[in-house]
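Just so it is clear, the structure is predicted and the values come from calculations on it, not from any experiment.
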Amino acid sequence: MGKRRSGAALQVRFRVFDNMEGKEMSRFEKNGGRLVYRFDGEQVWIEPWGTDALRVRAARGPQMPDYDWALLEPGEQMGKISLGEDGAQIENGKIRAKITKRGKLTFFNRRGSVLLEEYVRTKDDLTEENCSSMGIYAREYRGIPGGDYEIFVRFESEQKEKIFGMGQYQQACFDLKGCDLELAQRNSQVSVPFYISSLGYGFLWNNPAIGNVAFGKNRITWYMRSARYVDYWITAGDTPMQIEEAYAKAVGTVPMMPDYGMGFWQCKLRYQTKEELLEVAREYKRRGLPISVIVADYFHWPRQGDWRFDPDFWPEPEKMADELRQMGIELMVSVWPTVDAKSENYEEMLEKGYLVWADRGLRMSMSFHGNVMNYDATNPEARAYLWDKIKNNYYDKGIKLFWLDETEPEYSTHDFDLYRYSLGTNLQVGNYYPLLHAKGFYDGLSKEGEKNILSLVRCAWAGAQRYGACVWSGDIYSSFHSLYIQIIAGLHMGIAGIPWWTTDIGGFHGGDPASGEFRELLIRWFEYGTFCPIMRLHGDRIPKQPRVGHTGGSSCLSGAPNEVWSFGEEVYEICKKYLNIRERLRPYIKGLMREAHERGTPVMKPLFYDYPEDERAWEIEDEYLFGSAVLVAPVYQKGVRSRKVYLPSGTRWVNAWNHETLDGGREIRVPCPLDQIPLFYKEGFCKFNTPLPAAGCLIDLQG
């Protein structure tokens with residue numbers, strides 16, 4: 001079994017299958033704990049990989065990739081393998097796979113029910129159900145002239161199946177059945193290709209190539225534009241919780257959330273000077289408002305790729321960090337992976353091969369405030385070089401919290417076939433970039449002795465959570481519809497294994513603090529943000545503010561004020577109320593973060609996660625569980641002052657605002673005046689003014 005190499009030697013390698021000389025080749029062989037199938041130049045490896053799970057790899061030719069991508073090395077694994085003339089089987093706990101003489105794979109649970117079956121329509125695979133011979137194979141390798149393959153992998157589609165996860169897509173689709181999803185990273189789109197099926201299995205597409213997946217009614221098709229092999233992981237479980245926890249063991253979990261991460265984060269585009277940022281922090285303290293983190297956004301630097309404060313506007317940053325820490329506030333700084341051609345580091349990075357290559361045309365990824373190219377996060381030496389700059393210019397000055405913006409990385413035009421990394425072409429490995437970028441900071445901070453590491457990132461891939469990746473939903477529009485989409489996106493991200501997730505409260509693009517409509521939106525979003533894993537106020541408010549200078553980072557303008565007192569007295573009083581609620585929830589939130597760290601439990605969960613036997617719970621897309629004890633029903637429509645709420649069956653629920661106790665398994669209509677988000681908690685969990693020792697929390701919304 002191939003060993004997982006350290007980040008210092010991260011390369012895709014290939015292992016040649018060792019067939020003993022003189023031994024007659026069989027279609028089915030047992031190689032240690034692995035079942036191997038070979039036919040017509042293709043080999044398929046099926047092996048146990050964690051509890052109740054199997055990993056499947058397939059490739060043409062004698063080579064097989066020997067890198068585990070999102071997966072952690074599972075240790076010694078032994079499944080039950082049986083070989084026959086017409087087929088073979090492998091079993092690992094609750095999951096069993098059968099492969100036919102022609103290579104068709106079918107996966108079963110322990111009761112013998114089909115979980116997932118490859119889609120084949122050939123004359124050699126005719127059955128009563130599959131009665132056509134169209135020449136369609138489950139695994140198709142379509143050769144690219146002079147290159148590798150376009151690869152298709154097809155599965156049968158069960159029309160009653162529901163699918164959840166896959167990361168963050170800006171669309172109002174809760175059940176992903178019927179959706180066609182791009183497997184590519186973009187600003188506000190985060191491809192994390194793991195999903196949970198209502199049929200009782202979880203599926204990870206363990207290949208970072210650019211492509212798409214179509215969860216069609218007639219079939220499920222995974223497609224890669226350029227790749228060498230197929231690689232996926234599948235697990236069976238009796239509940240969504242079992243499936244999610246098996247996945248977490250396979251790819252890793254987040255660190256323990258640091259205490260400051262659980263409080264309120266203040267941010268805007270952008271504080272232009274050190275004194276402006278400090279004065280905002282001081283005002284929060286003067287008003288007695290809770291605040292844990294404040295952010296110095298982009299263009300606090302002279303040029304992209306300098307990775308340091310502009311001394312004209314941000315002098316003596318160590319004194320700034322020290323004053324903030326004395327106030328109990330952590331300073332977060334924005335770091336971009338872009339390098340301006342005029343940056344002080346560009347020529348050195350070019351010489352050493354630390355920049356992404358362009359296969360044709362100009363070597364430029366964006367023209368935003370300079371002609372820039374991204375550093376190559378897939379190159380371990382480039383990651384070490386960047387961290388050395390970060391350590392000297394930020395960490396050694398008392399700053400240990402980083403906002404990794406543009407992490408996809410973003411391109412002015414998304415010509416995925418144009419760029420090339422040291423690890424491979426963008427088409428073949430591009431989705432892996434954000435994980436490795438986060439890993440570089442995680443490794444650097446770990447080397448300095450830091451624990452409970454967190455980085456705010458705009459993009460991630462499967463497994464990025466183990467490097468402290470906290471994803472926010474990108475540069476989204478300020479509207480009620482956008483708020484609704486984020487509710488769904490956050491639930492999918494949690495299922496995809498990314499429990500640290502947040503949004504820009506109020507949305508990013510637009511929002512006039514003087515507008516009555518925006519003020520209502522800000523209130524509803526602030527209420528929702530109180531019950532997100534991270535509570536963070538950010539946005540590019542209008543109108544733009546005058547520049548404070550004419551050099552360096554001052555070339556980028558600042559948006560209008562974006563502090564809780566910036567939107568009028570009514571908004572301020574409601575925001576203050578929810579800031580205090582968040583503070584009182586922190587002991588409870590700490591318990592949720594411990595579950596995420598230890599078990600991979602999402603902090604925000606769809607109702608079906610805890611109530612899989614309740615069929616209605618699989619349909620509810622605009623409510624969620626914040627932990628297991630609190631049910632949140634955000635208000636996401638303008639002017640709404642009451643809304644329907646479904647209470648899952650199997651428990652009794654207490655309205656957190658009026659203390660009314662209600663039976664689950666029914667839909668009710670509840671009032672939601674402007675200062676109230678519909679909120680319920682499980683009976684017996686936490687009585688007002690009487691925290692239960694087991695819960696360790698106090699939810700007193702009136703306090």
For [X], give me all partners under side-chain hydrogen bond (donor to acceptor under 3.5 Å, both in side chains), at least two apart in sequence or on another chain.
| X | answer |
| --- | --- |
| Lys389 | Asn345 |
| Tyr433 | none |
| Ser455 | none |

In a check of side chain to side chain contact (heavy atoms under 4.5 Å, CB included) between Arg270 and each of Asp297, Asp540, Leu557, which one passes?
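In the set Asp297, Asp540, Leu557, the residue that makes a side chain to side chain contact (heavy atoms under 4.5 Å, CB included) with Arg270 is Asp297.
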Side chain to side chain contact (heavy atoms under 4.5 Å, CB included), paired with Asp376, selected from Trp357, Tyr421, Tyr354, Tyr385:
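Among Trp357, Tyr421, Tyr354, Tyr385, the one that satisfies the side chain to side chain contact (heavy atoms under 4.5 Å, CB included) with Asp376 is Tyr421.
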Salt bridge (charged side-chain N to carboxylate O under 4.0 Å, His left out) partners of [X], counting only residues at least two apart:
| X | result |
| --- | --- |
| Glu140 | Arg142, Arg154 |
| Asp475 | Arg458 |
| Arg363 | none |
| Lys342 | none |

Give the minimum heavy-atom separation between [X] and [Y], together with the two atoms involved.
| X | Y | answer |
| --- | --- | --- |
| Ala281 | Ile329 | CB-CD1, 3.9 Å |
| Asp340 | Val372 | CA-CG1, 3.6 Å |
| Arg536 | Cys267 | NH2-SG, 4.4 Å |

Please determine, by modelled atom types, if [X] and [Y] share a side-chain donor-acceptor pair under 3.5 angstrom.
| X | Y | result |
| --- | --- | --- |
| His437 | Tyr375 | yes |
| Thr338 | Gln304 | yes |
| Ser473 | Ser188 | no |
| Asp306 | Ser343 | yes |
| Ser191 | Gln185 | no |

Can we say [X] and [Y] salt-bridge, meaning some charged N sits less than 4.0 Å from an Asp/Glu carboxylate O?
| X | Y | answer |
| --- | --- | --- |
| Glu344 | Arg308 | yes |
| Arg303 | Asp310 | no |
| Arg38 | Glu42 | no |

Find the distance between OH (Tyr442) and CD (Glu450) and round it off to the nearest 0.5 Å.
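Nearest 0.5 Å value for the OH-CD distance: 11.5 Å.
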What distance do Thr425 atom OG1 and Leu418 atom CG have between them, rounded to the nearest 0.5 Å?
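With rounding to 0.5 Å, OG1 (Thr425) is 11.5 Å from CG (Leu418).
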Can you name the residues that form a ring-ring contact (aromatic ring centres under 6.0 Å, His included) with [X], not counting sequence neighbours?
| X | result |
| --- | --- |
| Trp265 | none |
| Phe152 | Tyr223 |
| Tyr411 | Tyr419 |

Check for me whether Arg34 meets the cation-pi criterion with Trp45, that is, NZ or CZ under 6.0 Å from the six-membered ring centre and within 45 degrees of the ring axis.
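So Arg34 does make the cation-pi contact.
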Excluding sequence neighbours, so at least two apart, what forms side-chain contact (heavy atoms from CB on, under 4.5 Å) with Leu181?
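Once residues adjacent in sequence are excluded, the partners of Leu181 under the side-chain contact (heavy atoms from CB on, under 4.5 Å) criterion are Met166, Tyr169, Gln171, Leu176, Cys179, Val213, Phe215.
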Could you tell me if the side chain of [Y] sits less than 4.5 Å from the side chain of [X], heavy atoms only?
| X | Y | answer |
| --- | --- | --- |
| Leu54 | Trp49 | no |
| Phe309 | Met320 | yes |
| Leu269 | Tyr298 | yes |

Given Trp472, which of Trp500, Trp501, Phe508, Trp403 fulfils the ring pair (Phe, Tyr, Trp, His ring centres under 6.0 Å) condition?
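It is Trp403, the one option of Trp500, Trp501, Phe508, Trp403 that forms the ring pair (Phe, Tyr, Trp, His ring centres under 6.0 Å) with Trp472.
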Return each pair, listed once, that meets side chain to side chain donor-acceptor pair (under 3.5 Å) where at least one residue sits in residues 243-257; pairs must be two or more places apart or across chains.
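Side chain to side chain donor-acceptor pair (under 3.5 Å) check on residues 243-257 returns Glu245-Arg599.
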